[in-house]
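By convention in this document, chain letters (A, B, ...) are assigned in the order of the sequence lines, proteins followed by strands, and residues within each chain are numbered from 1.
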2 protein chains.
Amino acid sequence: MVVDQLSETELDRLFQALADATRRDIVRRVTIGEYSVSGLAALYAMSFAAVQKHVAVLERASLITKEKRGREQIVRGNHDGLQKARQLLDEYEAIWRQRVERIADILAEK
Amino acid sequence: MVVDQLSETELDRLFQALADATRRDIVRRVTIGEYSVSGLAALYAMSFAAVQKHVAVLERASLITKEKRGREQIVRGNHDGLQKARQLLDEYEAIWRQRVERIADILAEK
DNA sequence: ATATCCTACAACCAAATGGTTGTAGATCAG
DNA sequence: CTGATCTACAACCATTTGGTTGTAGGATAT
């Protein structure tokens, strides 16, 4: 498995994008189905422009993609972004397991 | 498996905390070994107080714990925090897989 | 053609972030 | 006791963030 390099700024953007409840909700919704930007905007108690900004943040973080369809902009979930975030947490998990094993080894040496 | 409720603000703090390269580095390091706050501060090109703030952010996000030992404060990785972040991404992953299956079903129906 | 809908983007504002310096309280070493 | 070390925290500053309103342009429907 080829693990493409996760740049620090890419990770910054990823986790930053996930650090907002509205944006996490958008990610969930557009993974399940298709939404236009205004379709999303209708769901939240904030202005269209505010939702538009959230979508832009998610797009920059590669968590969603936009595709023009007529006068609408269709928002869809992007699996790659999620994978990259998961990848980092998996690495941390691996480090943790190594540590646990090492401690187990030390205890076993006794 | 009991999945304890992930509050939105808890997730905000978690991902927010992970959205900074210095803090991610701290998480890695204190998972591998023990560091005092000043021990950590020595590693980065910023003031002690700045590192102290980063540690506070990580502590609030339950990604690390601090324990007083003499005049030092020992920082350690907290597995629970990481688990919770992973848990959310796993849920998103599950949603994604469901969607892929559903599409496969639709194609199969033809 | 005109009015409506969807989007983009600028300008603005309050609050949060990430950094700084400075002060002060504990703890340890000599 | 004195001095050095480690930590906590306040005050300050520049930048970013998350929201707003307003303006303008492209696509659609009547």
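Note: CD (Q52(B)) to C1' (dA24(C)) measures 13 Å, nearest angstrom. Atoms CZ (R71(A)) and P (dA3(C)) sit 16 Å apart, rounded to a whole Å. One interatomic measurement links the two molecules: CD of E72(A) to C1' of dT4(C), which rounds to 13 Å at whole-angstrom precision. Counting to the nearest Å, the P atom of dG18(C) and the CD atom of E8(A) are 15 Å from each other. The CZ atom of F48(B) sits 18 Å away from the P atom of dG18(C) (whole-angstrom rounding). K66(A) has its NZ atom 12 Å from the C1' atom of dC6(C), to the nearest Å. Between E67(A) atom CD and dT7(C) atom C1' there is a gap of 16 Å when expressed in whole angstrom units. Regarding R60(A), its CZ atom lies at a distance of 16 Å from the P atom of dA8(C), rounded to whole Å.
Both A45(A) and R69(A) lie near DNA chain D, and the one whose nearest nucleotide falls closer to the 5' end is A45(A). Between G39(B) and K53(B), the residue whose closest nucleotide on DNA chain D is further toward the 5' end is G39(B).
Between H54(B) and the phosphate of dG19(C), there is a side-chain N or O to OP1/OP2 separation shorter than 4.0 Å.
Which of dG19(C), dA8(C), dT17(C) sits closest to the side chain of Q16(B) comes down to dT17(C). Out of dC5(C), dT7(C), dG19(C), the shortest distance to the side chain of Q73(A) is found at dT7(C).
Not counting sequence neighbours, the partners of E59(B) by the salt bridge (Lys or Arg N to Asp or Glu O under 4.0 Å) test are K66(B).
Here the options are I74(A), V75(A), L58(A), the test is side chain to side chain contact (heavy atoms under 4.5 Å, CB included), and the partner is V30(A); only V75(A) passes.
Protein chain A contacts DNA chain D from dG18(D) to dT28(D), reading 5' to 3' and using non-hydrogen atoms of the protein with a distance under 4.0 Å.
Within the 4.0 angstrom heavy-atom criterion, no nucleotide atom of any strand lies near T22(B). Backbone-only engagement by S38(B) is indicated by non-hydrogen atom pairs under 4.0 Å involving sugar-phosphate atoms exclusively.
The closest donor-acceptor contact from the side chain of R23(A) to the backbone of Q16(A) lies under 3.5 Å.
Counting heavy atoms of neighbouring residues, nucleotides and ligands inside a 6.0 Å radius, atom CZ of R29(A) exceeds 12 of them.
Note that the two end axes of the helix from dA1(C)-dT30(D) to dG30(C)-dC1(D) enclose an angle of 20°, each drawn from 5 base pairs, rounded to 10 degrees.
V27(A) is connected to L11(B) through a chain of hydrophobic side-chain contacts under 4.5 Å among Ile, Leu, Val, Met, Phe, Trp and Tyr, so both are in one cluster.
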